[in-house]
Each structure stands twice: as structure tokens, then as C-alpha cells.
Amino acid sequence: MTASCMDRSTAGTQAPTDMDRTSTKGPLTDVFGSLTFTGDVMLKRLSEEVFRKLQRTMKQGVPLDPAIANTVAAAMKEWALEHGCTHYCHWFQPLTGSTAEKHDAFLAPDGEGRAIAKFSGDELIRGEPDASSFPSGGIRDTYEARGYTAWDATSPAFVLKTDSGATLCIPTAFVSWTGEALDTKTPLLRSIQAVSKQAMRILRIFSTDEGVSQVITTLGSEQEYFLIDEEFYNRRPDLQICGRTLIGAPAPKGHQLDDHYFGAIAERVMAFMNEVERRLYELSVPVKTRHNEVAPGQYEIAPIFENANVATDHQMLTMHTMRTCARHHGLVCVLHEKPFAGINGSGKHNNWSIATDTGVNLLDPRDEAHTNMQFLVFVMAVVRAIDVHADLLRASVAGAGNDHRLGANEAPPAIISIYLGEMLNDILDQLKLGEPRSTKTGGRMDLGARTLPQIPRHSSDRNRTSPVAFTGNKFEFRAIGASSSIAWPNTVLNTIIAESLDFLATKLEERVGKDPTPQILEAAVRSVLRDVVHQHRQVVFDGDNYDPKWHEEAQRRGLPNLQSTVDALPTLKSKKALNLFSKYRVLNNRELRARVAVLWDQYSTIVGIEARTMVSMLKTQVLPAALRHQTEVAEAVAATQAAGVDCENTRAGLQELVDMIDGLRDATQAVHQAETHQLTNSERQARHIRDTLIPAMDRARAASDALESVIPADLWTLPTYGEMLFLR
């Protein structure tokens with residue numbers, strides 16, 4: 001972590017450095033980082049020269065010296081063995097959206113009938129997993145199996161412990177035999193490098209690059225999730241197979257009272273959170289915040305800022321750890337974007353910033369933001385990037401799960417805009433009119449009671465409805481789905497910002513020339529920024545993004561409204577996108593097209609699985625329960641009539657029930673027919689799913705949920721929303 005990177009929850013609070021961490025007093029001292037091969041661990045096991053060379057690679061991005069690989073591998077092996085490891089693996093992130101690992105034993109025959117522990121530098125640097133069974137989007141045919149993993153020395157190796165043993169995990173990139181990226185890490189690292197290259201040009205223009213070897217992007221990713229009782233989960237095929245409930249009538253209470261948000265954490269949930277945090281501390285994941293979220297059964301965990309690459313790896317570890325630990329407490333951690341209809345879904349709030357490797361946060365406005373021209377250049381680079389490439393940023397968070405969440409009343413809409421706040425908007429107004437002369441400040445608030453302190457007020461409010469918001473010293477991208485890897489959205493975000501920094505650097509270099517005077521530099525910066533404000537301020541919106549009037553206003557401004565995955569994905573294969581990613585060497589055209597193909601296939605496959613699961617549940621659980629209830633009601637009608645008692649209302653109720661059951665049968669058949677209608681073209685198949693299959697599933701759900709509300713509890717075999725959300 002970089003000293004300049006700010007705590008996500010408190011602007012101005014610096015993230016702890018390694019030095020802070022090792023000097024911390026208290027119960028975390030003995031466990032924080034104990035399962036990560038970094039810091040003190042490397043100091044104790046490597047010579048000073050080897051340690052220094054490895055640190056230069058990890059901290060400054062200097063190419064790894066192959067000569068030290070054997071030494072590092074030997075030290076890493078001994079450390080892993082001491083922690084009980086019998087195997088090592090290259091831990092990578094293929095295009096499945098998850099992680100993958102192939103375990104190899106340290107033990108090898110010595111030729112004399114015995115075995116010795118071996119781990120060479122070559123084994124550390126390179127692995128060879130099968131590349132044919134992972135999504136490749138056409139880069140690899142099924143018979144072309146060779147692929148490679150390459151050690152990412154910038155992300156520390158770690159020991160992953162389970163109840164049955166421990167494994168040394170080495171973060172790696174994953175590429176094809178052709179050298180093309182088959183993972184999410186490789187393009188992320190390329191995009192980080194692209195941002196650094198263009199940001200350094202800006203620093204050189206302002207002569208603030210002294211001692212700076214690179215600019216890094218930093219992340220702090222908040223994670224929302226649900227916890228439900230394991231017994232309920234095991235009785236819900238839709239949760240087990242699809243990660244969300246495909247049917248389910250709403251509970252009488254949802255989040256209307258807002259009493260769960262920031263409420264007292266239940267004891268069982270607290271025990272789970274404590275275990276998660278302890279395990280993450282051991283893995284050097286700097287988690288800081290935990291609390292109840294808005295929906296019943298929903299929670300959040302959030303770290304402080306780290307280098308973007310490490311933060312991405314740590315985010316994958318966080319999801320793995322939460323899933324694993326939940327079972328220890330009889331719970332299941334559900335990460336789907338919309339596991340329960342009618343209540344808040346889950347996302348990741350991606351807090352992105354940019355800093356020098358010397359510890360300067362380039363998005364820190366300081367006290368006099370209007371005079372901090374370098375800060376304004378970086379801010380306006382982001383604004384321009386969001387405006388020019390809003391379609392690509394929207395596509396970066398597209399997926400079947402997120403389609404249920406974006407635009408609902410807990411998530412930003414599909415229209416990508418940016419919130420800057422009162423202070424920055426005032427400065428933009430001043431820039432537009434001429435020279436900025438002042439910075440609005442928040443002042444202090446007198447709370448009216450002498451026993452309460454006067455507290456400082458930020459210069460701007462927060463806007464929770466905005467997809468991208470400036471929050472003091474970082475930008476918060478709020479549209480990422482809870483189950484997603486943050487690697488791909490940040491690859492896109494980095495790339496579009498690199499392009500924008502390139503654009504601004506070129507304009508400034510043209511206008512200032514060599515060795516400009518301060519006056520020439522300031523005039524050139526004001527002129528360029530004024531042009532950017534005029535051309536791209538249309539993407540800035542500080543109002544309520546949920547307001548229907550905003551949709552009309554956004555259309556007038558010409559902002560894209562890509563409401564679904566099917567609308568968004570085509571933008572990734574546009575000429576603009578292909579040129580952008582290839583220009584900055586993040587993805588060549590073949591690699592980008594491959595990712596789009598994988599995303600189309602994933603969308604269709606996920607919804608297809610959901611449809612088949614729904615049909616199975618409706619036929620084997622809902623319809624049998626409904627027919628049993630129909631039989632009971634029919635018997636009651638017959639018995640009542642036989643007794644000579646009028647039962648017109650009961651008979652009418654029976655007819656209504658029969659009609660509901662017939663309606664469910666028809667709806668179920670419609671889902672089956674739509675799901676089995678397969679088209680060879682992936683885009684046409686996805687459009688068919690959006691336009692035909694998903695509406696059919698919505699109708700079937702409505703029919704099932706209506707029946708659930710009238711079927712007696714003793715006949716309804718599925719756990720209800722009321723049970724799953726409120727019983728802990």
C-alpha cells in the first residue's frame with residue numbers, strides 16, 4: 001500500500017504502510033500478514049541484495065532479474081513447508097470470473113527410492129496448465145491445450161489453509177501458447193502500465209516528477225453480500241445452482257423501516273465476521289469496515305486502499321474467504337447481485353484513485369483546489385474519459401446478474417454519469433468564465449448542544465445514486481456487481497483514463513513548449529481545461545439519478561442508456577473500442593473480440609441454467625404442492641356440499657385456484673419452449689433470451705409467487721423469504 005492512499009470511509013485518513021503495520025500494538029500484531037510472503041518474511045529469508053532486487057520489481061515495476069529466481073524459490077519453499085504446505089500452485093484468474101489453481105507437490109523422487117522437497121526458480125516463474133478447457137473466445141480450439149502461467153512478482157505469494165492442509169499460492173498471469181491473454185490479470189497489469197505512462201507525462205509538464213519512477217492506480221473495493229442459514233440454502237435448488245431465488249413471494253416486511261442498515265450485528269453474524277477478518281489479516285488483506293447493509297440479511301465488508309493489482313487479488317481472496325467461513329457458522333454467503341426480488345441487491349463500490357510511488361495522491365485537492373492545476377487536470381481527465389467512453393464503462397459491468405440490479409432503487413442506473421459535488425462544480429463554473437479564484441469550503445457545523453463538538457463539514461455532499469462520484473480524494477465507481485471480479489471493470493476504467501491523460505498531455509505539450517514559464521504553463525492549463533469543461537461537462541450530473549426526469553435529460557444531453565447486457569456488449573467490438581485497447585497495448589483486437597465472445601456465451605449460459613432450474617422447481621415442487629392444496633380444497637367443497645351446507649365462496653375459491661394452477665402450467669411450458677429454442681449466432685441467441693425467455697420467466701415467477709401466497713405452509717416445501725431473510 002502507498003502512504004498517500006486514503007481510507008475509503010474517511011477522507012484524509014492515510015492507509016497504513018508496512019511500517020505502520022509491523023509496529024501496531026494489539027492482537028493483530030502476531031497474525032497480520034503471517035501467511036503472506038512479503039515484508040519481514042522476505043527480510044529474514046533473503047539476502048539484502050536479493051531482497052532489494054525483488055522489492056524493486058514489486059514496488060517500482062522493474063523487470064524481474066531471472067538470476068534471483070532460484071534463491072527466492074528456495075526461501076519461499078522453506079517458508080511454505082514451515083506453514084504445513086505439501087503442495088504449491090500457480091493461482092490465476094481465467095475468464096470464468098473466478099480463480100483457478102493446479103496443485104503440484106513439493107516432493108520429488110531423488111533417484112534412490114526416496115523423496116526430497118524441491119521447488120526451482122523455473123517452477124516459480126512458469127507453470128503449464130491446460131488452456132483448452134477455460135473460456136478463450138476462439139483464441140484456443142479444444143484440441144489446442146497448451147497454456148502458461150507466469151509469476152506476478154508484484155502480488156505477494158500466500159499460504160491458503162484449509163481443514164485438511166495448506167497450499168502455497170503464487171499469483172500468476174495466464175496466457176495462451178500464442179502469448180495472448182486468457183485471464184483478467186494480464187490486461188489489468190497492462191492498463192496500470194498505460195495509466196502510469198500517460199500520467200508521468202502530466203507530472204513532467206508540471207515539473208513534479210522528481211523522484212517519481214511510476215504512477216500507480218489504487219483501489220479499495222467495498223463488498224456487499226447476504227448471509228442465509230445453511231439449512232434454508234440446502235432446500236433451495238435455485239440458490240444452490242444459480243445463486244439467486246428464481247421464485248419467492250415477498251415477505252410482509254422488507255427494508256421499508258430501514259432498521260437493518262447500520263443496526264446492531266447479530267451474534268452469529270459477528271462470529272462469522274470476526275473469523276473472516278482474522279483470516280484476511282493473516283493474508284495481508286487490509287479489511288477495515290463491517291456493518292449491516294440496507295436489506296435484511298445483507299452486510300458489507302470493505303478494505304482500505306492498495307495497489308490496484310494487489311487489491312484485485314485480495315478482492316478474490318475476500319470472496320473465497322467469506323464463502324468458506326460462512327459454512328463454519330452454519331451460514332451461506334450469497335454474492336449474487338440480486339438474490340432476492342423486491343429488496344436491495346448487492347454490488348461492489350470501486351474506490352479508485354491515482355498516486356505516485358513517492359506517496360502523493362494525485363486526486364487530493366488540497367485546501368486551495370482552484371490553484372491546484374495539476375489536480376484539476378487529473379480530475380478533468382476522468383470526467384472526459386467517462387463522457388467519451390461511457391458506453392465502454394457500462395459494458396464493463398454488464399452481465400446477467402447485474403441486469404437485475406442496475407437502475408433499481410439501490411444501484412446507479414444504466415446511464416453513466418459523474419458526480420463532482422459543489423466544490424468542484426463551482427471551480428468548473430469559474431474555469432468556464434475565466435480564471436478560478438476561490439475554493440468553496442464546508443466550514444464547521446454547530447450541533448446546538450454544548451456537550452457536542454463542532455465538527456468539520458466536507459466541501460460537498462455525497463450522491464449515492466451516481467454511477468461515478470468524486471468523494472474527496474478518489475472516484476467511486478458504484479456499478480460493479482457483487483459477484484464480479486473487479487479486474488475487468490478496472491482494466492476498462494484504467495484504459496479510458498489513460499487515453500484521456502494522453503489527450504490532455506498532448507494538448508498541453510503543444511501549448512507550453514519546452515521550458516515554459518509559470519505564466520505560460522498556467523495560461524495553457526486554463527485554456528485546455530476550459531475546452532474540456534465546454535465539451536464534456538454534459539456527463540456531470542449532481543442530482544437524483546433515480547428521478548425519471550433524469551432519463552429524459554440524459555437523452556437530451558446525448559448520454560447512452562444501455563439498459564441491458566444485450567444492449568451494452570456490442571460497444572466492446574466497435575472500431576472505437578478495438579482501436580482504444582490496441583493503441584495502449586492493453587488488449588489486441590483478437591484478445592478483445594475473444595472477451596466479447598466469452599461474455600455473450602456466459603450471458604446465454606447463465607440465463608439458460610436459470611430457466612432450466614426454474615422449470616424443474618415449478619414441475620417438481622410448486623405444482624405438486626399446488627395440486628395437493630387443490631385436492632384438499634376440492635375435498636372440503638365436496639364434504640360441505642354433502643352436508644347440505646352452502647359453500648359458494650369456497651367453490652369459487654377452488655375455481656380460482658384451478659385457474660392459477662393452469663396458468664402456472666402454461667407459463668412453465670412457455671419457459672421450457674423459450675429455453676430450448678437455440679440459435680447458432682451468440683448475439684441473436686442473447687437477444688432471444690432478453691426478449692422472449694426472460695419475460696417468460698418473469699410471468700412464470702409471478703404465477704408461482706401468487707400460488708405461494710395461498711398454499712398452506714405445511715404443503716409449501718421451499719423456505720420462504722421471511723424465513724431466509726429474518727431467521728439467524
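The first residue in the sequence is number 1, and the count goes up from there.
- Residues Lys583 and Glu499 have side chains not in contact (no heavy-atom distance under 4.5 Å, counting atoms from C-beta outward).
- Looking at every heavy atom in both residues, Pro171 comes nearest to Pro156 through CG-O, 3.5 Å.
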* Given the rule in the side-chain contact (heavy atoms from CB on, under 4.5 Å) test, do Thr471 and Lys474 qualify, once you have shown the distances and angles that lead to the verdict? -> CA-CA 6 Å; Thr471 56; Lys474 60 188 183 296; 3.2 Å; yes
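- Each of Glu277, Glu282, Glu275 was compared with Arg279 under the side chain to side chain donor-acceptor pair (under 3.5 Å) criterion, and only Glu275 meets it.
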* **Criterion side-chain contact (heavy atoms from CB on, under 4.5 Å) on Met76 and Tyr88, from CA distance to verdict** => CA-CA 10 Å; Met76 199 179 287; Tyr88 69 92; over 6 Å; no
* Would you sort out whether Asn589 and Phe581 count as a side-chain contact (heavy atoms from CB on, under 4.5 Å), showing the intermediate values? => CA-CA 8 Å; Asn589 288 353; Phe581 286 97; over 6 Å; no
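- Two residues are said to be in side-chain contact when any heavy atoms from C-beta on lie closer than 4.5 Å; Asn309 and Leu188 meet this criterion.
- Closest approach of Val159 and Ala166 over heavy atoms only: CG1-CB, 3.9 Å.
- Asp209 contributes no side-chain N or O that, together with a main-chain N or O of Met200, makes up a donor-acceptor pair within less than 3.5 Å.
- Sequence neighbours left out, the pairs with a member in residues 163-189 that pass ring pair (Phe, Tyr, Trp, His ring centres under 6.0 Å) are Phe92-Phe174, Phe134-Phe174.
- Side-chain atoms of Ser484 and Asn402 include no donor-acceptor pair closer than 3.5 Å.
- Atom CD1 of residue Ile68 and atom CG of residue Leu54 lie 5.0 Å apart, to the nearest 0.5 angstrom.
- Using a 4.5 Å heavy-atom threshold, the side chains of Lys348 and Met319 count as touching.
- Ser500 approaches Ala385 most closely through the heavy-atom pair OG-N, 3.5 Å.
- Thr208 and Gln374 are linked by a side-chain donor-acceptor pair at a separation below 3.5 angstrom, with hydrogens and angles left out of the test.
- With salt bridges taken as basic N to acidic carboxylate O contacts below 4.0 Å, none links Glu591 and Arg595.
- Atom CZ of residue Phe226 and atom NE2 of residue His336 lie 11.5 Å apart, to the nearest 0.5 angstrom.
- Residue Thr57 comes nearest to Leu64 through the heavy atom pair OG1-CA, 3.5 Å, listed as atom of the first residue, atom of the second, then distance.
- Taking 4.0 Å as the cut-off between side-chain N and carboxylate O, Lys197 and Asp502 do not count as a salt-bridged pair.
- Side-chain atoms of Arg201 and Gln198 form a donor-acceptor pair, as typed in the model, at a separation below 3.5 Å.
- Side-chain contact check for Ile301 versus Thr289: every heavy-atom pair is 4.5 Å or farther apart.
- Classification of the Trp91-Phe158 ring pair by plane angle, with boundaries at 30° and 60°, yields perpendicular.
- Closest approach of Val598 to Gly137, counting heavy atoms only: CG2-N, 3.5 Å.
- A distance-only check finds no donor-acceptor pair linking the side chain of Thr36 to the backbone of Thr38 [under 3.5 Å].
- No hydrogens or angles considered: a donor-acceptor pair under 3.5 Å links the side chains of Thr178 and Glu180.
- Between Glu300 and His349, the side chains place no donor N or O within less than 3.5 Å of an acceptor N or O (distance only, hydrogens not considered).
- Interatomic distance, CD1 of Ile125 versus OG of Ser120, reported as 8.5 Å (0.5 Å rounding).
- Checked by atom type and distance alone, the side chain of Thr149 pairs as donor or acceptor with a backbone atom of Gly127 at under 3.5 Å.
- Annotation: Gln214, atom CD; neighbour count of heavy atoms from other residues, nucleotides and ligands within 6.0 Å is above 12.
- In this structure, Asp183 contributes its side chain and Thr186 its backbone to a donor-acceptor pair below 3.5 Å.
- Considering all non-hydrogen atoms of both residues, Leu46 and Thr71 come closest at CD2-O, 4.1 Å.
- Atom-to-atom distance recorded for Phe378:CZ and Asn361:CG is 10.5 Å, nearest 0.5 angstrom.
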For residues 99-107, which side-chain N or O atoms pair as donor and acceptor with protein atoms under 3.5 Å away, sequence neighbours left out?
residue	atom	partner	partner atom	Å
Glu101	OE2	His103	NE2	3.0
Lys102	NZ	Glu128	O	3.3

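- Counting heavy atoms from C-beta on, the side chains of His328 and Thr324 come closer than 4.5 Å.
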* Do Thr217 and Leu493 pass the side-chain contact (heavy atoms from CB on, under 4.5 Å) test, and can you show the C-alpha distance, the side-chain angles, and the key distance before you say yes or no? -> CA-CA 10 Å; Thr217 58; Leu493 184 62; over 6 Å; no
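- Using a 4.5 Å heavy-atom cutoff, the side chains of His314 and Leu280 are not in contact.
- Remark: side-chain polar atoms of Ser353 are paired, donor with acceptor, to backbone N or O of Asn473 under 3.5 angstrom.
- Atom CZ of Arg585 sits in a sparse spot, with 12 or fewer heavy atoms from other residues, nucleotides or ligands closer than 6.0 Å.
- Remark: the Ser98 side chain and the Thr96 side chain contain no N/O donor-acceptor pair separated by less than 3.5 Å.
- In this structure, Arg45 does not pair ionically with Glu78, as no charged nitrogen and carboxylate oxygen lie closer than 4.0 Å.
- Here the side chain of Ser396 pairs a donor or acceptor atom with the backbone of Leu393 at under 3.5 angstrom.
- Salt bridge absent: Arg56 and Asp65 never bring a charged side-chain N and a carboxylate O closer than 4.0 Å.
- Residues Met270 and Arg290 are in side-chain contact: their nearest non-hydrogen atoms beyond the backbone lie under 4.5 Å apart.
- By the neighbour-count criterion of 12 heavy atoms within 6.0 Å, atom CD of Glu82 is densely surrounded, having more than that number from other residues, nucleotides or ligands.
- Side chain of Glu337 to main chain of Ala482: a donor-acceptor pair is present (N/O by atom type, distance under 3.5 Å, no hydrogens or angles).
- Atom CD of Gln223 is separated from atom CG of Leu335 by 5.5 Å, given to the nearest 0.5 angstrom.
- Between the side chains of Thr172 and His90, not a single donor N or O lies within less than 3.5 Å of an accepting N or O.
- Within the 4.5 Å cutoff, side-chain heavy atoms of Phe477 are placed close to those of Val397.
- Atoms OG1 and CE, on Thr154 and Met58 in that order, are 7.5 Å from each other to the nearest 0.5 Å.
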